Structures are given as C-alpha cells and as structure tokens.
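What follows is a single structure, and I will ask about it in a moment.
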2 protein chains.
Amino acid sequence: MDPAAGRREPTMRDVAALAKVSTKTVSRVINGLPGAGTEVTERVRDAARTLGYRPNLTASSLRRSDRRSATIGVLFEDLSNPFDAALLRAVEDRARHSGVLVLAGSSEDDHTQQRELLVSLSARRVDGLVVMAAGGHQDALQHERERGTPMVLVDRPPTFGATDCVTTTNRASSRDAVGHLAALGHRDIAFLGDRRTLWTSQERYAGYVEGLAHAGVPLRGELVRTDLHGEDLAAAATTTLLDLDRPPTALFTAQNLVTVGAQRVLRERGLHHRVAVIGFDDFPLADLLDPGITVVRQDVPGIGRKAADLVLARIDGDTSPPVHAVVPAALVHRGSGEIAPRPGPGSLVGRQ
Amino acid sequence: MDPAAGRREPTMRDVAALAKVSTKTVSRVINGLPGAGTEVTERVRDAARTLGYRPNLTASSLRRSDRRSATIGVLFEDLSNPFDAALLRAVEDRARHSGVLVLAGSSEDDHTQQRELLVSLSARRVDGLVVMAAGGHQDALQHERERGTPMVLVDRPPTFGATDCVTTTNRASSRDAVGHLAALGHRDIAFLGDRRTLWTSQERYAGYVEGLAHAGVPLRGELVRTDLHGEDLAAAATTTLLDLDRPPTALFTAQNLVTVGAQRVLRERGLHHRVAVIGFDDFPLADLLDPGITVVRQDVPGIGRKAADLVLARIDGDTSPPVHAVVPAALVHRGSGEIAPRPGPGSLVGRQ
DNA sequence: ATGAAAGCGCTAACAG
DNA sequence: CTGTTAGCGCTTTCAT
C-alpha cells in the first residue's frame, strides 16, 4: 500500500551533498534569494530534482525570524451551512493568492468546541484567525487575541477591544424589510429569530422593532418567537403563530434556516400565496420557489474578502486602529415579500 | 492594535527555568507522559500557567520520530458548493475527533491550481490527503502519492494504483433513474451532463445508456448534451432540447447545478409540470419546489466519514490492500420524476 | 524519577 | 558569491 516505504525524505543537506555546496547555498536557491551563481543554481536545482526534494515549511518557519506559518485559521459555526461555506471560500481565495493556506473548523456554536479548536490552531502557530464567534461570552477568543494573534471577527462583533470585525447592515436592513411589509398594509408582522445569544439575532430584532415603530405599527409580543435554532424549531413556531386567534399576515424570518422552516409550514397549509415572508440571508433556489422568496441578501463574498484582507494586513504588520467594517446588504424582491394583506377564509377581521 | 507587542513567546525552557527542572521534565508533564513526580508535575503546571505557555506542535512534530503534523489536507473542487461543503464537514468532524485538523483548498477543477495547492500542502507536511481529483490526468496526485503520502480520492477514482477511494453508485443509480422514467412510459429521455472529463459524468452517462437499453428504448443522440459546467450552460442546453422538433418528455440531469439550470428554463416556459425530471445529487430545498424534484441522493456524510476513516487508518499505519468503497445512493421520489408523458400542445405525436 | 547532550530541517548572522 | 557556526523549540537517547 505504501509505495515509498522505507525511503527517507531528502533534506537540504542531501541536496547540498549531491550538488557539492553548503546547505546555505541550497537554501538560497530554493528560496530564490540573490547571491547564488548561475552555474551553482543550476547544479542545486538538478540535485533537488534528482532526489525529489520538497522544502519543509515547518522547519523553515521554526527557524525564520518572522516565524510565519503562512497559514490562517478559520473558525466558523458550521462549514456545511451555505453561508459559512461561501464565506470560507471567499477567505480561502484571498488567502491562497497571498500564499496562505486555511485551517478550517466548525465550532457548532459551542464554547467548548470553539476553545478546543482555538487551542489546536494556536498549537500550530497560525498567523491569524478569522472567527465567527459562538454566542455568549468570548473569553477564549479574547484570551487568544490578547496574546497577540491577529484576529478578525465576522458576522458578529467582539465583546472585547482592539479587534477588527466585519458585519453586515443587520439592523438597518431588518428595519427596511419590516418597513416594506408595513408599506403594503401589514400590521400583524411576526418576528422569527435564531438564538437570542447571537448578536445578529439581537440586531435583527432591534431592526424589527424600529421598523414597526417607524411605520406606526404596534408591536404584538405574541408575534415574536426567538431561539429557533434549526428548521424544525422554526417550523413549530410558525405553526403556533398561524394557530393564533389573530395570526400574522406577514413573517420576518431572521435567518436562512428559519426562513426555510417557516416556508415548509406555509406550503403544507397552502398559505404560501397568502402570508407574506421576508427572510434575512439569501439561500440557493430562493428564486425558484413559488412565490420566489424575498430576502435580505448579504454580500457574502464581500464580507469574506474584507475579513481576509484585514487579517492578512495585520499579519503584515498593519497597526492602524481596529476597524469595524460594515458590508451593506440588499433587499431582493422576489414575490413573497410583496404579498398584500387581505381578509380571507383564515382571517379574523370583523371578529375583533 | 497589538496587545502583546514586544513580549516574547514563552518556551519550554522558560517554563523549566521557572519550575527549576529540566526541559525534558517539562516535556513529560506537558505531554502527560509517565515519569514525573506529583510535586514536580504541579510545579511545572503552575509555571506554565504563570507564563502563559502554549505548546508548539510545529517544533514538536519536527523533532518527534513519527513526524506527524496532526493535520490533513482536503482538496476539493469548490468549497462553496453544497456538496463539497457537506463533504468537508463530514471529514472535518471525523478528523477533529482524532485530534486532526484540516487544511482546506479549492482546486476549481484546474490542474495548475490543484498542483499548486498540493505543493503548499506538501510543504506543510500534512499527514494525509482527501482529494476530489480534477478531471483529466492525475499526474500531480500520482506523484504525491508515490512519495508515500496517504491519500484517499473521493467522488472520483484514481487513474493510478495503490490508492484508496470512495465513490457512490453513479452508474447503477443512473440506470435506475432512467428505468424509472421509462417505466412511466417516457421514450424521449434527455441526458444533460457535466464535463465529460469527469469520471462521474462518464459513469452517469453509461448508466443512462444502460437504462435505456434495458427498457428497450432507442437512444436518440440529439437528446444527449454534455460538458454543461454551471447553471447557465445547462439552461442553454435545456432550451435547445425543448426547441427540437421532437422534444424530450423527460430529463435526466446528471449533476446538481445542471438540474437547477434546467429547472429554471422549465419554469420560464411553464413546463415544470409537463416535463419529467430526475436529477443526480440532492440539493437544499429540492423538496420545496413545485413539483418537488426527484433526485438520486448520495450519502454525502457517509462518503466523508468513510474517506476520513480510510486516510486516518493509513496514517496510523494500516497497510492492507487499497480499498474502493462504494457508498450507495438512493432515488428520492418527490414528484418531478413521476410525471407521465402525454401528448400536449407542444407535443408532436401525430405529426411524425 | 530526573537530567545532559545531541539533533529534527532549516535559516540568521556572520565570516571569507 | 559562498561557507561556517549557532540555534529556532522541541524530543530523542542515554545517563544518573
């Protein structure tokens, strides 16, 4: 099974011996540094090729003064979530073009797992981190940051200082979305949110409240459902809402899985053309559904690029003050958010 | 910006000095090896905590005899594709539970990029690789494998020897899908495939041919469209097919983006309830479309787990003969694949 | 149970 | 232009 069993990996010393030069000269040639004669360079290259020599970045970075591993850590909630995946890809692209590779991990929004991954990444001496922080306290992240590791938080800001961060217009876009629904005449607009410990959930809820206030629509507490982590909880909450005496005529679903869970229930009940929906976060095929789902779309590649740029700049020694970059999101009209309220068989107008 | 500017990272020597022991003793304590007194152990732990010592896996792996980096490389086509993302997550989970981290990269099905990533991973001395090979030759992969790096190919098999691989039942499931359509009475079943250089495309096409033959349906060459890389090409091909004098009554779309592209055109033309579709590869929300999209669903987490298990076992010295694991896919009936053929306004039965 | 010396593969700092 | 020496942080080997 092992085609190379027994053979020892050639080192610079082996190359040096074969080319009859010093290891330092080999080092110069391999790294493309000046100070190596044309003829010697050729001899070294030949020797390296003959032996099948591969540079060892691990040894090199240990000895080099900059101590760089040319590797960054990416610590997201769930690499299989389309949002996280798109973000990872954007970061990876940027990093790759700078010769930097990405060590990726999923924290599952769990502090223990986040901390363990942080320790693992730290032991491998990554040059920097791009992190989607787990909800709640950020002790482990703060600790790592305070050791000096360059760090950029994405999607959610740090609760500690001196750290860059890239987020989107959660509050303003949520306000706009709710305003859009109110402008159509909706007065019973429900809020369905992810975990309350998440900053994005809080911001989107705040935007919902502001949007209602701005439109002069009173907030009905029973229309607010939070801590809906995953499609199933979102579906259950939607069911409960639709069963109210005075059910909502519009839903603002504040996360992609929540939107999908709600959508499932609406279709089961045949209400997808009656109840308006605007979701936060776009998702694949949102435009192919009937009606198309109106969403607040984040510029995910933009966020990833910005985060990567920031962390790479910090690694390169940029010491300017910390930045909180805000990448604008946009409301994408597809139909579900443009459904007007109307009294129907399920409506209770007149009963009030 | 840098909270730790100037400070030097503490080493085992620093810990040893503070605890008044040798570095070897510190090494024993940090690694939980036997041969360290209870009292000394305590002293070392205190010193490490006081100094904020972090073990350096990079230095450790350089010196250790097993030379392990506790890191594997994952080289897929596009980490933002839901299929790749789900696979990455499955591999990462398995690896993490073995204390192994994942260096991830996207090859974009490009040989140059694949080779460059391979070189980067190799320089970082990853212990093993999980690779979705780019189409065409596999010279760089073979070369890396022949140096002795444990390697598992996923989704597509190696064209060289002595290498594990995990794929799904591409051919058999495609045959079944086409058989399912034929059993409903379809005789004009189109094939829409991704790049012909990809083994999966070839296998799925072979299954299509077998399925037709088995059902006694003659193959019409003009209904076969390949090299559809991406939604747009798939959409264009679908348009062409529908404009034929004798258009297909059913489509077998052999990759997830192809399915989506075709679906877009069918909906534009209002044919999504008339033309049957079975897609290879499931995708999010396929069940929420109207009709739901019937697909061949791969067991993506199963494939990822198996691949991770194989590479981790090889790293641990398993020298049993190479394995080609085949993880079964299943036909998921959702509606689009259960549409029967019928003469309609667009049909040309009778004109022939 | 503990430590001293050597060295993993490489590069910094200096020679020549 | 090229080489020598030392040593990155750690673990091996062998001694005590």
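Note that this is a predicted model, so its numbers are computed, not measured. Reckoned from all heavy atoms, side chains included, excluding hydrogens, waters and symmetry mates. Protein chains get the first letters and strands the later ones, always in sequence-line order, with residue 1 at the start of each.
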_Any side-chain to backbone donor/acceptor pair from B/Asp84 onto B/Asp78? Under 3.5 Å, distance only._
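Looks like yes, one N/O pair under 3.5 Å.
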| said: When you measure from the side-chain N and O atoms of A/Thr25 to the phosphate of D/dT2, is any distance below 4.0 Å, counting only OP1 and OP2? | reply: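 A/Thr25 to D/dT2 OP1/OP2: no side-chain N or O under 4.0 Å.
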- [ ] Examine D/dT11: is either OP1 or OP2 under 4.0 Å from a nitrogen or oxygen in the side chain of B/Ser27? Give yes or no.
- [x]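 True: B/Ser27 side-chain N/O within range (under 4.0 Å) of D/dT11 OP1/OP2.
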- Message: Less than 4.0 angstrom between a side-chain N/O of B/Asn31 and OP1 or OP2 of D/dT11, yes or no?
- Response: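 Result: yes.
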### Query
Which one, D/dT12, D/dG3, D/dC8, comes nearest to the side chain of B/Lys24?
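Between D/dT12, D/dG3, D/dC8, the one nearest the side chain of B/Lys24 would be D/dT12.
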Rounded to the nearest angstrom, tell me the gap between atom CG in B/Leu33 and atom C1' in D/dC10.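 Going from CG in B/Leu33 over to C1' in D/dC10 covers 13 Å.
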Worksheet entry | From C/dA12, D/dT12, D/dG9, nucleotide with atom closest to B/Leu62 side chain |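 Of all the options, the side chain of B/Leu62 is nearest to D/dG9.
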Of the nucleotides C/dC8, C/dT2, C/dT11, which one has an atom closest to the side chain of B/Ala36?
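In terms of side-chain proximity for B/Ala36, the closest of C/dC8, C/dT2, C/dT11 is C/dT2.
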Q. What is the nucleic acid contact for A/Thr58, judged by heavy atoms within less than 4.0 Å: base, sugar-phosphate only, or nothing?
A.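 The answer is nothing, as A/Thr58 stays clear of every strand by at least 4.0 Å.
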In terms of side-chain heavy atoms of A/Met12, which of D/dT12, C/dT11, C/dC8 is nearest?
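Nearest nucleotide to the side chain: C/dT11.
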Can you tell which of C/dA4, D/dC10, C/dG9 lies closest to the side chain of B/Tyr53?
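Nearest to the side chain of B/Tyr53 among the choices is D/dC10.
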key: Options D/dG3, C/dG3, D/dA6, nucleotide nearest the side-chain atoms of A/Arg63   =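 Shortest atom-to-atom distance from the side chain points to D/dA6.
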Original post:
Are side-chain heavy atoms of B/Arg145 and B/Gln138 found at a separation under 4.5 Å?
Top reply: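 No, side chains not in contact.
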For C/dG9, take OP1 and OP2 only and decide whether either is under 4.0 Å from a side-chain N or O of B/Arg67.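 Yes, B/Arg67 has a side-chain N/O under 4.0 Å of OP1/OP2 on C/dG9.
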Next on the checklist: Counting only side-chain nitrogens and oxygens, does A/Ser60 get under 4.0 Å of the OP1 or OP2 atom of C/dC10?
Outcome noted: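 No, A/Ser60 has no side-chain N/O under 4.0 Å of OP1/OP2 on C/dC10.
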- [ ] Remember a base hit wins even if backbone is also touched, and classify B/Gly37 as base, sugar-phosphate or nothing at under 4.0 Å, heavy atoms.
- [x]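 Sugar-phosphate contact only.
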Which nucleotide sits closest to the side chain of B/Thr11: D/dG9, C/dT11, C/dA12?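 Out of D/dG9, C/dT11, C/dA12, the nucleotide with an atom closest to B/Thr11's side chain is D/dG9.
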Measure from the side-chain heavy atoms of A/Arg28 and tell me the nearest of D/dT2, C/dT2, C/dA4.
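For A/Arg28, the side-chain atoms sit closest to D/dT2.
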Carboxylate-amine/guanidinium proximity below 4.0 Å for B/Asp309 and B/Lys306: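 No, B/Asp309 and B/Lys306 are not salt-bridged.
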* Asked: If only side-chain N and O atoms of B/Ser65 are considered, is one of them under 4.0 Å from the OP1 or OP2 phosphate oxygen of D/dT12?
  ->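 Yes.
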Check every atom of C/dC10, D/dC10, C/dG3 against the side chain of A/Ala59 and return the nucleotide holding the closest atom.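 Selected nucleotide: C/dC10.
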